[in-house]
Amino acid sequence: MLEFQILDVDYIMLNDKPVVRIFGKTASGETVCAFYEGYMPYFYARGKGVLDLLKNEPLVVRTEGVRRKFVFDNDEAKEVIKITLRNPAKTPELREKLRMNGVKPYEADILFKYRFMNDVGLGGLGWVGVAENNISTNTVKVRRVIKADKLTSIKRDEDALLKYLALDIECVPITPGAVPEARKDPIILISLVFNQEYKGKKSLVLSTRRDQYVMGFDDEKAMLEELIKIINDYDPDVITGYNINSFDFPYILERMKQNNVRPVFGRCNQKYVVARKVGMRYRVSITGRIMVDSFEIVKKDFFLQRYGLDFVAETLLKEKKEDVKHSEIEKLWKGDQEGFRKLISYSRKDSVLAMDLVLKLNLVDKYIALSKVSGTLLQDTLDSGETARIENFLLREFDKEGYVFPCKPDGAEISKREKERVVGLKGGFVLEPEKKLHSNVAVLDFASMYPSIIQTFNICPTTIVRNGGSADVIKTPSGARFLPKETRKGIIPKIVEELMKNRRRTKKKLERCTDPGKRSALDAEQWALKIMANAFYGYFGYSRARIYDLDIANAITTCGRETIKKTANTIEKDFGYRVIYGDTDSVFVKMPEEDMKKIYDIANDISTKITKQLPGIMELEFEKVFKRFLPLTKKRYVAWRFIPVEKEGRIEWEEGMEMKGIETVRRDWCGLVSDTMKEIIEMILKKDDAKGAVNYFRDVVISLVKGNIPIQKLVIRKTMTKSPGSYVGVQPHIELVKKLQARNPAEAPGIGDRIGYVIVKGTQLLSKRAEDPVYIMEKGLQIDSHYYIENQLLPPLERIFRGLGVSKPELLGNGKQIGILDALRNHRAPETKPIKELSVGEMNGFICSKCNKFYPRVPLIGTCECGGNLLFSSSQGPAEWVVT
DNA sequence: ATGGTCCGGGG
DNA sequence: GTGTACGGACCAT
C-alpha cells in the first residue's frame, strides 16, 4: 500500500472515457500520480418528461430513478432522475437543454474532480492509500504512476515536505521609457530561488546578457526553454513569487507564445500552462503544482499601509530590498557591468524575499488547514473565497444524508436576491455608546455566538417548518420555526457541532505541543475550524449561495439580537451594573472598581450566572478589561485593553491598545498623521491626560509651522500609472513629475514609479505645490503647514477629540485667547537647516533640544519632561533626522 | 446617500 | 474547466 498526500486532481479523456488523476507526494517526498478509471459524471433532474427528453440523447449513458430528499422539503424523499453521461465537459450542454424544457437540474454544476473526490471520500491535502500497481506512461511527470482500482482515504495529520521555487522576472521595453508590454517587449532576466538546493545551488539567475554571475543565453527563446527545463528538472510542488499571478506568469506565458515555446512545465506533459483572465486579474493553473502568490496572501492576511515588496519585506521580515526604481531597470540593463550586476542582485533579492515571505511567515499554513477542513484543493483554497469551501463541504454532507444539492442561482435570481436582502436582512444589534472617556469597563462576549445559536435552536434548511401547525416546534424571535433536535437534528447544526468539537480538541493539542512548527500548524487548524463554523450564518444570506434563505439568516441574527438585549437588560436590572455599549455578541459593562482582581471576579460572576439562564449551549464569557474606553460612534472606538491569561494558577494581564473602525494608517496620509494619532491616543488612554493630548497636538502644530518636523514625516506617496501628459485632471504627484522632468530629464521618475511629494507654501493651486523632499531640503523651501494641519492631521484627530468633547476651535486654541495659528500667522519659519545625515547604525537614542537630557527611546509623551523637543542623537551629537 | 471609475502589485 | 471570483478610495451627478 502506497500512501500519499493529495496536491492536485484533474481528469483527462482516454478512449472517450474520463480518467481521474490524483497528484500527490509521499511522506518521503516521492511524487505520485494515481490514475482512476471507470468513474462517470452524473447529475440529477426533476420535472415532467425528463425521461422523454433524454431518450435519444447521445450524451447520456443511462438514466435511473432514485429516491432523494430536497433541501427545503421537510425530509421527504421523492423520485428524481439520476443522469449519467459520457463526458464531464458536456454536462453544461445537457443541463441547459433540460432547463429550456422546464426541468430542474440538481448538482449539475459540480466540478468533475470534486464530484469524484466527494464520492470517494477524498479532499485537498488529505492522505490516500493505493495498492502499488505501478504502470508506465510518459503523460505525467512523476516518480511513480499507479493504476488505482481502489482509493482509501487515510486519516493522518502530518504534511509531506514540499519543494518550493521562487521566481522573478525583469523585462525592458523596446521603446525607451515606456512600460513593458508582454506582446512585444522581451524578458531579459529571470531569477530563481530554491528551498531545496538545485544542483548545489540556492539560487540561479538567467539572462540574455552575459556575465560571470548569470547563466547567459544568446536569445530570449533559449532562455525560456532553459527555464522550462529547470522547472521540470527541479520539479517544485509550489511555485511562488511576488505578484506572479498577475504579472510574471502571464508575462512569461505570453513571451513563450511569441517565441513559439510550448509552455509545458506542469506535472502533465500534455497540458499547457495557462493564465486565465478573471475580472481584472489573472489566475495561473499548473497541473500537479501549486501557485502561491505571496503578494496576494500578504494583502489578505496583513493590514499594512502599502503592499510594495520593499515596504512589505521591511515591515514583515525586517529585510531591506535592493533600491532600484522601475524606470532605472532599463538604464542598468543597457549600462556598464557594475550597473548590470546591481540589476542581477536586485532581481535575485526579489525572489529571495518572495520565498522568505512564504516560508518564514508560514503564509501557506492557514490555507493548508482550510483545505483539510473543507476538502477543497489547496490551489482552489488559495484562489477562491469562502463560498467555494463551504459549498464543497456542504455538498459532501448533504449527499451523505441523501439530499440532492441545488445548482447555483442564475443572474436574474442573484439580482432579485440582492434587492430583497437590502431591506430583508437584519444584522447584529448595536447599542448606542455613551460618548465619553470611560474607565474600568469589562467586556463580556458570547463564545462563537452564531454557531451556538444554530445548534441551540436547531436552525437548518432541513428542519425549518414553513407551514402547517406542528405543535412541537422551536419558535425563534424572528417568527421562523424549526423542528426540535429530538425530532430530527439538522445537518447544519450537526456540522457546526462537529467543527466546534474538533476545534476544542485541536486547542487542547496546541496547549500540550511545544514544537514550533507543529504549533503553527495546529494553530492554523483551530483557526480554520472556527472560520468554517462561523461562515454558515453569512452563507444563508449570501445572494450567490446554492442554499439561500433569508428566513434562516434572519432567524440566526434575530436570536442574537434578542440574546444580547436580554443579557444587557439582566446585567442592568438584576446585577445593577451599567451597560455602556454592545455590538452583536458583546456587552461592555462599567465596573465600580479599580482593582483588576475584583473586576475579574465580578465579571466572571456575571458571565457564569447569565450563562446558566441562557438556553442551550449559549455561553457568555468574560473576555477582557478596558482600563480606558473611548467610543466615538457605533462600531468605532479606541481602548486600552487588558486580557487575562492564566499562568500557573495566577492571572496575568496582557496589555495592549485596541482600535475599532479607526483608520490609523491610510495610503494618502503622511507618516506624521499616524505617529501623532498613535501618540495622542496613548496619552488619552494610558495617561488619562486629555489636556496633555491637546497640548501635544498643539506642539505638533507649532513644530509644523516652525518647520521643525522632519520632512520625511510629511511625504505622501502615489504611483504614476501612465505618462504625465495623459492625465486629465491635475494631481499633485503628476505635477511634481513634470517639474522634475524640466529640471533633469535623465533622473525624472518614469511610468509605474512611486513618487513621494511634500506640499510647500505658495499661492498656486495645491497640486502645483507638490515638491520633491530632497529639493525642499536643498533649497530650504517652506512646507505648507496649513495644508498638513487642515487636510492631514485634523480630519482623523478631530473625530477623536470630539469624543472627549474638545471642539476644533478649542483644539487650535482659538477662542478667548489668541489662537496659536493666529499667533503664528506672521511668524516666518526659518529656512530649513542644512542636513546632517546619520545612519540608523550611528544613532543611539534621543536627546532633548532644551535641557539635553538623554533618552534611549522616545518617552510616551513624545517630548522631554521639560517640554523640549527631542532630537535624534548619535555619538557625534544631536542630528535633525535619520537617513536610513 | 448611491453609483461609476480608477487603481493596486509587478516591469 | 459540469467554475466567473475583487475591493477600497475617490469623484461626479
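This one's a predicted model, so the numbers in the text were calculated from it and none came from an experiment. In what follows, chains carry the letters A, B, and so on, assigned in the order in which the sequence lines appear, proteins first and then strands, with residues in each chain numbered from 1.
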Of all the choices, [options], which nucleotide is nearest to the side chain of [X] once you look at every atom?
X	options	answer
A:Arg544	C:dT2, B:dG11, C:dT4	C:dT4
A:Tyr242	B:dG9, B:dG11, C:dA5	B:dG9
A:Ala108	B:dG9, B:dG11, C:dT2	C:dT2
A:Pro88	C:dT2, B:dG11, B:dG10	C:dT2
A:Val179	B:dG9, C:dT2, B:dG11	B:dG11
A:Cys171	B:dG10, C:dT2, B:dG11	B:dG11
A:Pro180	B:dG11, B:dG10, C:dT2	B:dG11
A:Arg283	C:dA5, C:dT2, B:dG11	C:dA5
A:Asp350	B:dG11, C:dT2, B:dG9	B:dG11

Give one of base, sugar-phosphate or nothing for [X], where a contact means two heavy atoms less than 4.0 Å apart.
X	value
A:Ile110	base
A:Ile169	sugar-phosphate
A:Gly385	nothing
A:Asp185	nothing
A:Tyr346	sugar-phosphate
A:Phe116	nothing

TODO: Check whether more than 12 heavy atoms from other residues, nucleotides or ligands sit under 6.0 Å from atom NZ of A:Lys104, and answer yes or no.
DONE: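 Atom NZ in A:Lys104 is not crowded, with 12 or fewer foreign heavy atoms closer than 6.0 Å.
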
Whole angstroms only, please: what is the [atom1]-[atom2] distance between [X] and [N]?
X	N	atom1	atom2	result
A:His326	B:dG8	NE2	C1'	13 Å
A:Ile297	B:dG9	CD1	P	17 Å
A:Asp383	C:dA5	CG	C1'	10 Å
A:Asp109	C:dT2	CG	P	11 Å
A:Tyr542	C:dA5	OH	C1'	8 Å
A:Arg86	C:dT2	CZ	P	18 Å
A:Glu391	C:dT2	CD	P	16 Å
A:Leu59	C:dT2	CG	P	15 Å

Task: A:Tyr282 side-chain N/O to B:dG10 phosphate OP1/OP2 under 4.0 Å - done: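 Answer is no, no contact under 4.0 Å.
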
- [ ] Look at the side-chain N and O atoms of A:Lys408 and state whether any lies under 4.0 Å from the OP1 or OP2 oxygen of C:dT4.
- [x]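 Affirmative; the distance criterion is met.
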
TODO: Establish, yes or no, whether a centroid distance under 6.0 Å links the rings of A:Tyr11 and A:Phe116.
DONE: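 So the answer is no for these two rings.
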
TODO: Answer yes if the ring centres of A:Tyr44 and A:Tyr106 are under 6.0 angstrom apart, and no otherwise.
DONE: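 Ring centroids of A:Tyr44 and A:Tyr106 are no less than 6.0 Å from each other.
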
Rounding to an integer number of angstrom, what distance separates [N] and [M] when you compare their [atom1] atoms?
N	M	atom1	answer
B:dG9	C:dG7	C1'	14 Å
B:dA1	C:dA12	C1'	13 Å
C:dT13	B:dT5	C1'	13 Å

[X] (side chain) donor-acceptor with [Y] (main chain) under 3.5 angstrom:
X	Y	result
A:Glu64	A:Ile81	no
A:Ser371	A:Thr376	yes
A:Arg267	A:Cys33	no

- [ ] Mind telling me whether A:Phe393 and A:Phe536 have parallel, tilted or perpendicular rings, with 30° and 60° as the class edges?
- [x]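 Judged by the thresholds at 30° and 60°, the geometry between A:Phe536 and A:Phe393 is tilted.
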
